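Report on the structure given below.
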Amino acid sequence: MINRELIRIKIVQLTYAYYQNGNKNIDTAEKELFFSLSKAYDLYNYLLALIVAVTKDARKRLDVAQTKAQREGTDMPSQKFAYNRFALQLEENKMLCDFMEAKKKSWNDEPEFINKLYKQITDSQIYKDYMADTEDNYAADRELWRKLYRTLIQENEDLDALLEEQSLYWNDDKEIVDTFVLKTIKRFDEKKKAKQELLPEYDSEEDRDYARKLFRATIMNGDEYQRYMSEASRNWDFSRLAFMDVIIMQIAIAEIVTFPSIPVSVSINEYVDIAKLYSTPRSGGYINGMLDNIARHLIQTGRLMKHMDNNRKTASATSAPVAAEPQKAKAEESEGQEEEEKA
């Protein structure tokens, strides 16, 4: 589940924290990096368990409504949502049950949020269309939850606030983790029952190694990489760079130099996107031009054995950057590649 997009973002956050917190112990910082990544996987399971929690709540409400209907002699309420086939399969999923039991996590302590989300669901047109539809099969049940998740869980301010209270990491993680949850919903197969596999924490050991190597190269070779930046920005004072810009470029250079199989253009584009989120408004264009110049210089001087497209579009690296601190550098210490299909 933990992909390179998430790893890059975490390394930006943890490298920023490494320099800002003053405790420059690389072994401790590396443990913090992997703890931070593991919290993203916790969130993935916790959000899947939210579907189960809402469904359990729906069954309790159904029991009350059925008892009332029997007593009053009225029509029995529909069981369609409370016994949604996909949600029941997820409730029985062995991997999810084992994970939640091991972590001692549940939604039982959040009844107000569950009640509010249930009402939002039952008031939604998605729910009303589902309940009115004569189509009654597993595919329709699974599609209901995909739509509900995209509409009412993916963008939910109450949920964001609740998650922020539980973990310093989760608000930053949620946007990416949402794509993993949606991918998981789409992959569920009724025939696999409780043995349906969820996404693993890491697709392979290669991604763990990537995270470790990239973080260590960033820190251990930081002076050398910053010298590359200083040389590329000789038209003006290097100290005027926003600190987050320096961090992002330092990590990008580490990736460009350390990983021969990753094309230069891929690395530059990834960190330009990160800069747009985590630094100043002008940082993306400036970092694009700086990294392009640095990579070309390293190739020309024989220090980098990679190819670059001569037609690659870059922003100018000569205009002075905005001297500002990052707007979104949420790299606090812990408490103790695509769209929906991307993983």
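Note that the numbering runs from 1 along the sequence shown for the chain. Bear in mind the structure is a predicted one, so any value in this text is a computation, not a measurement.
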With a 4.5 Å cut-off on side-chain heavy atoms, are Glu190 and Phe86 touching? no

Decide whether Tyr271 and Glu255 meet the rule of one side-chain donor and one side-chain acceptor closer than 3.5 Å. yes

Trp170 and Leu277: same hydrophobic cluster, using ILVMFWY side-chain contacts below 4.5 Å? yes

A side-chain contact here means heavy atoms from C-beta on lying under 4.5 Å apart; do Trp107 and Val52 qualify? no

Before giving the answer on side chain to side chain contact (heavy atoms under 4.5 Å, CB included), spell out for Leu88 and Arg59 the whole-Å C-alpha distance, their side-chain angles and the decisive distance to 0.1 Å. CA-CA 11 Å; Leu88 291 177; Arg59 288 206 299 273; 3.3 Å; yes

In sequence, state the C-alpha distance, the side-chain angles, and the governing distance for Glu32 and Thr28, and then conclude on side chain to side chain contact (heavy atoms under 4.5 Å, CB included). CA-CA 6 Å; Glu32 172 70 8; Thr28 301; 5.8 Å; no

A side-chain contact here means heavy atoms from C-beta on lying under 4.5 Å apart; do Glu30 and Arg216 qualify? yes

Electrostatic pair Lys68:Asp63 at N-O distance under 4.0 angstrom: no

To the nearest 0.5 Å, tell me how far Asn25 CG sits from Ile219 CD1. 11.5 Å

I would like to know whether Asn84 and Gln79 meet side chain to side chain contact (heavy atoms under 4.5 Å, CB included); could you show each step before the answer? CA-CA 8 Å; Asn84 177 285; Gln79 301 184 43; over 6 Å; no

So does Lys104 pair up with Glu101, basic N to acidic O under 4.0 Å? yes

Calculate, to the nearest 0.5 Å, the distance between atoms CG and CE belonging to Leu37 and Met1 respectively. 8.5 Å

Check this for me: Glu206, atom CD, are more than 12 non-hydrogen atoms of other residues, nucleotides or ligands nearer than 6.0 Å? no

Look at the side chain of Asp133 and the backbone N and O of Asp129, then say whether any donor-acceptor pair between them is shorter than 3.5 Å. no

So, the side chain of Asn156 versus the backbone of Leu152: is there a donor-acceptor pair under 3.5 Å, distance only? yes

Salt-bridge criterion met for Lys31 and Asp27 (N-O under 4.0 Å): no

For the pair Asp209 and Arg212, find out whether any cationic side-chain nitrogen is under 4.0 Å from an anionic carboxylate oxygen. yes

Distance-only side-chain donor-acceptor flag, Asn3 / Arg8, under 3.5 Å: no

Between Ile2 and Asp207 the two heavy atoms that sit nearest each other are O-OD2, 4.0 Å

Main-chain N/O of Leu148 paired to Thr151 side chain as donor or acceptor, under 3.5 Å: no

Flag for Tyr169-Gln13: side-chain donor and acceptor within less than 3.5 Å: no

So if you build clusters from Ile, Leu, Val, Met, Phe, Trp, Tyr with side-chain heavy-atom gaps below 4.5 Å, do Ile262 and Ile268 land together? yes

Check whether any side-chain N or O of Tyr41 sits under 3.5 Å from a backbone N or O of Leu199 as a donor-acceptor pair, and report yes or no. yes

Going from CZ on Arg150 to CD1 on Ile126, what distance comes out if it is rounded to the nearest 0.5 angstrom? 10.0 Å

May I ask you to say whether Lys80 pairs ionically with Asp136, meaning some side-chain N is under 4.0 Å from a carboxylate O? no

Could you walk me through whether Phe243 and Tyr16 pass ring pair (Phe, Tyr, Trp, His ring centres under 6.0 Å), step by step? CA-CA 9 Å; Phe243 183 55; Tyr16 182 87; 5.6 Å; yes

Quick one: sort the Phe259 and Tyr210 rings into parallel, tilted or perpendicular, breaks at 30° and 60°. tilted

N/O donor-acceptor pair under 3.5 Å between Lys174 side chain and Gln154 backbone: yes

May I ask you to decide if Gln226's main-chain N or O and Ser230's side chain share a donor-acceptor pair within less than 3.5 Å? no

Do side-chain atoms of Thr258 reach the backbone of Ala254 as a donor and acceptor pair under 3.5 angstrom? yes

Would you mind checking if Asp42 and Lys105 are paired as a salt bridge, meaning a charged N to carboxylate O distance below 4.0 Å? no

For the CE atom of Met76 and the CG atom of Leu62, what is their distance to the nearest 0.5 Å? 7.5 Å

Are any of the side-chain heavy atoms of Arg4 and Leu214 separated by less than 4.5 Å? no

Got a second to check how far Leu50's CG is from Leu117's CG, nearest 0.5 Å? 5.5 Å

Electrostatic pair Arg303-Glu224, nearest N-O below 4.0 angstrom: no

Are the side chain of Lys306 and the backbone N or O of Ile256 linked by a donor-acceptor pair below 3.5 Å? yes

Using the rule that two of Ile, Leu, Val, Met, Phe, Trp, Tyr join whenever any of their side-chain heavy atoms come within less than 4.5 Å, decide whether Tyr83 and Trp145 are in one cluster. no

If we only count heavy atoms from C-beta on, is the Gln66 to Arg71 side-chain gap below 4.5 Å? no

Look at the side-chain heavy atoms of Ile, Leu, Val, Met, Phe, Trp and Tyr, link any pair under 4.5 Å apart, and say whether Ile114 and Val64 land in one connected group. no

Spacing of OH belonging to Tyr118 relative to CG belonging to Asp123, to within rounding of 0.5 Å: 10.0 Å

Residues Tyr149 and Asp178: side-chain donor-acceptor under 3.5 angstrom: yes

If you draw a 6.0 Å radius around NZ in Lys128, do more than 12 non-hydrogen atoms from other residues or ligands fall strictly inside? yes

Ser283-Tyr278 side chain donor-acceptor pair, cut-off 3.5 Å: no

Assess Arg142 against Phe188: is NZ or CZ under 6.0 Å from the centre of the six-membered ring, and within 45 degrees of the ring's axis? no

Quick one: does Lys10's side chain get under 4.5 Å of Phe215's, heavy atoms only? no

Is any side-chain heavy atom of Ile287 closer than 4.5 Å to a side-chain heavy atom of Ile274? no

Has Met220 got more than 12 heavy atoms of other residues, nucleotides or ligands less than 6.0 Å from its CE? no

Pairwise side-chain contact, Glu110 with Gln166, heavy-atom cut-off 4.5 Å (strictly under): yes

Salt bridge check, Asp223 against Arg227: does any charged N sit closer than 4.0 Å to a carboxylate O? no

When you measure from the side chain of Asn21 to the backbone N and O of Ala17, does any donor-acceptor pair fall under 3.5 Å? yes

Donor-acceptor side-chain pairing of Asp141 and Tyr130 below 3.5 angstrom: yes

Looking at Thr15 and Ile11, would you say the former's side chain and the latter's main chain have a donor-acceptor pair under 3.5 Å? yes

